[in-house]
Amino acid sequence: MSEHSMDDLQTSRKMEELLELIERNLHCFFCKTEPKNLYEPIKYLLDGKGKRIRPLLTLISTGLLNGDINKAIKPAIALELLHNFTLVHDDIMDNSDLRRNRETIHKKWNTSIGILSGDLLLAIAFQNIIADVGLDYCKEVLLTYTDSLIEVCEGQGYDLDFEERQDVSINEYFLMIEKKTAKLIENSMVIGGFIAKANLDDIRILGAIGKSLGFAFQLQDDLLDLTAVNPKFGKPVGKDLIEGKKTYIMLKAKELFNNQEEIDLLNDFFNNHGLKPEQVPVMIDYLEKNGIFDITKDTINSYFVNIQEHLNKFEENIYKKILNHLIQTLFNREF
């Protein structure tokens, strides 16, 4: 085995160790089992796994700047619980049937259980965000965490507002995903920096990496909704089109479509708050023919270029290698 291959293997194994650490500690947060109708749905949700990107980024960022990983575990888990809280409530607002290829909590149980389970996730997250955090950076971690919650709620507010509007601009869309998706990813890295007692310049670089990663991740989701293999992605292909989601792709289509048949179908999408399932393949074909998938891929790539430029400012260590590995994995993901 070459030295390069050995290095890749060690990096991959170290990332797996961090993921195992996250899973092990995640379930330790939920030793209670009663009331069953509250803790069982949470266990069900967490057993559905997920990529664990946010807690992983917190641990990596702490290690990247030579901090104590052990002090970052509870804050990292708290960030994952905050993320799952948003998913549970988003699924209720969107009336979604599936999450990670499994029934959503409000469908498997009911809406009241879904709301209460989400609330408990958030409460336990707050209970643990500063549990192992030193007093010298406790305030910064808590303020950053609370900022994440506020921004996510504002982002969801914009998303709900966009459902009723036909004049949403691409700039407004990016504001929405900055708050709803990118901010929590950004702050997951920033919190890791605070735990490592990093200087403000390094924390700003971490924030810039996280923000670009958040934008790229959401644009990938928009793209994968139309191109991913269904069993992997965990929801029907074209679900955003059926639900009338005004994604970057559809807003770009509004700019570029000029054939009357394409414009008519696009008007159906906006006027009827989504397409019928049988219209989805036709729209996907129009989007591809107009190069909108390629434009989206180029935009995603520009964010990854920006990430690499910022990451190059940090010194080499195993956590930098893990972060590079994670970024490449996300860049090449199929679901």
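A quick note: this is a predicted structure, and the numbers were derived from the prediction, not measured. Keep in mind that the numbers below use all heavy atoms, side chains included, and drop hydrogens, waters and symmetry copies.
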Is [Y] close to [X] at the side-chain level, that is, under 4.5 Å between some pair of heavy atoms?
X      : Y      : answer
Phe304 : Ile300 : yes
His83  : Leu184 : yes
Phe257 : Asn290 : yes
Ile185 : Arg54  : yes
Leu149 : Leu122 : yes
Arg52  : Glu23  : yes
Ile295 : Leu256 : yes
Met250 : Ile292 : no

Which residues share a ring-ring contact (aromatic ring centres under 6.0 Å, His included) with [X], sequence neighbours left out:
X      : result
Phe30  : none
Tyr319 : none
His89  : Phe85

Tell me whether [X] contacts the main-chain N or O of [Y] through its side chain, where contact means a donor paired with an acceptor under 3.5 Å.
X      : Y      : answer
Asn312 : Gln308 : yes
His273 : Glu163 : yes
Lys245 : Asp222 : no
Gln220 : Phe331 : yes
Ser12  : Leu9   : no
Ser188 : Pro55  : no
Arg102 : Tyr44  : yes
Asp225 : Asp240 : yes
Lys74  : Asp132 : no

Atom pair [atom1]/[atom2] of [X] and [Y] - distance to nearest 0.5 Å:
X      : Y      : atom1 : atom2 : value
Glu34  : Glu40  : CD    : CD    : 9.5 Å
Leu57  : Leu64  : CG    : CG    : 11.0 Å
Asn101 : Lys49  : CG    : NZ    : 15.5 Å
Ile77  : Phe29  : CD1   : CZ    : 5.5 Å
Thr227 : Lys297 : OG1   : NZ    : 7.0 Å
Leu65  : Thr62  : CG    : OG1   : 8.0 Å

Subject >> salt bridge (charged side-chain N to carboxylate O under 4.0 Å, His left out) pairs, two or more places apart, involving residues 261-286 >> reply: Asp285-Lys289
Original post:
Tell me the salt bridge (charged side-chain N to carboxylate O under 4.0 Å, His left out) pairs involving residues 176-188, sequence neighbours left out?
Top reply: Asp90-Lys180, Glu151-Lys179, Glu154-Lys179, Asp159-Lys180, Glu178-Lys211, Lys183-Glu186
Original post:
Would you say Tyr158 has more than 12 foreign heavy atoms packed within less than 6.0 Å of its OH?
Top reply: no
Tell me the closest heavy-atom pair linking [X] and [Y], and the distance in Å.
X      : Y      : answer
Asn95  : His106 : OD1-NE2, 3.7 Å
Val237 : Ala228 : CG2-O, 2.9 Å
His310 : Ala208 : NE2-CB, 3.7 Å
Val133 : Tyr137 : CG1-CE1, 3.1 Å
Ala125 : Leu81  : CB-CB, 3.8 Å
Leu323 : Ile60  : CB-CG2, 3.7 Å

For residues [X] and [Y]: do they belong to one hydrophobic cluster (side chain heavy atoms under 4.5 Å, members Ile, Leu, Val, Met, Phe, Trp, Tyr)?
X      : Y      : result
Leu82  : Ile150 : no
Leu26  : Leu79  : yes
Ile203 : Leu143 : no
Leu175 : Tyr173 : yes
Met93  : Ile115 : no

**OP:** Applying side chain to side chain donor-acceptor pair (under 3.5 Å), run through Asn324 and Gln328 and close with a yes or a no.
**Re:** CA-CA 6 Å; Asn324 261 314; Gln328 290 304 317; 5.3 Å; no
**OP:** Start with the C-alpha gap between Tyr248 and Leu251, add the side-chain angles, then the distance that decides, and say whether side chain to side chain contact (heavy atoms under 4.5 Å, CB included) holds.
**Re:** CA-CA 5 Å; Tyr248 172 81; Leu251 297 175; 5.9 Å; no
Subject >> Ring centres under 6.0 angstrom apart (Tyr303, Phe217) >> reply: no
**OP:** Would you please test Lys320 and Glu315 for side chain to side chain contact (heavy atoms under 4.5 Å, CB included) and show each step?
**Re:** CA-CA 8 Å; Lys320 183 176 178 179; Glu315 293 181 3; over 6 Å; no
Subject >> Worked verdict on Leu116 versus Leu38 for side chain to side chain contact (heavy atoms under 4.5 Å, CB included) >> reply: CA-CA 7 Å; Leu116 194 57; Leu38 183 55; 3.7 Å; yes
**OP:** With side chain to side chain contact (heavy atoms under 4.5 Å, CB included) as the test, would you mind laying out the steps for Leu21 and Arg24 before giving the verdict?
**Re:** CA-CA 5 Å; Leu21 184 65; Arg24 193 165 61 248; 3.2 Å; yes
Only pairs under 3.5 Å count here: list side-chain donor-acceptor contacts from residues 191-201, not counting sequence neighbours, and write none if there are none.
| residue | atom | partner | partner atom | Å |
| --- | --- | --- | --- | --- |
| Lys197 | NZ | Asp136 | OD2 | 3.3 |
| Asn199 | OD1 | Asp201 | N | 3.1 |
| Asn199 | OD1 | Asp202 | N | 2.8 |
| Asn199 | ND2 | Asp202 | OD2 | 3.4 |
| Asp201 | OD1 | Arg204 | NH2 | 2.8 |

Original post:
Among side-chain atoms of Ser148 and Asn187, is any donor-acceptor pair under 3.5 angstrom?
Top reply: yes
Original post:
Are any of the side-chain nitrogens in Asp94 or Arg99 under 4.0 Å away from the carboxylate oxygens of its partner?
Top reply: no
Original post:
Salt bridge or not for Asp221 and Arg333, using N-O below 4.0 Å?
Top reply: yes
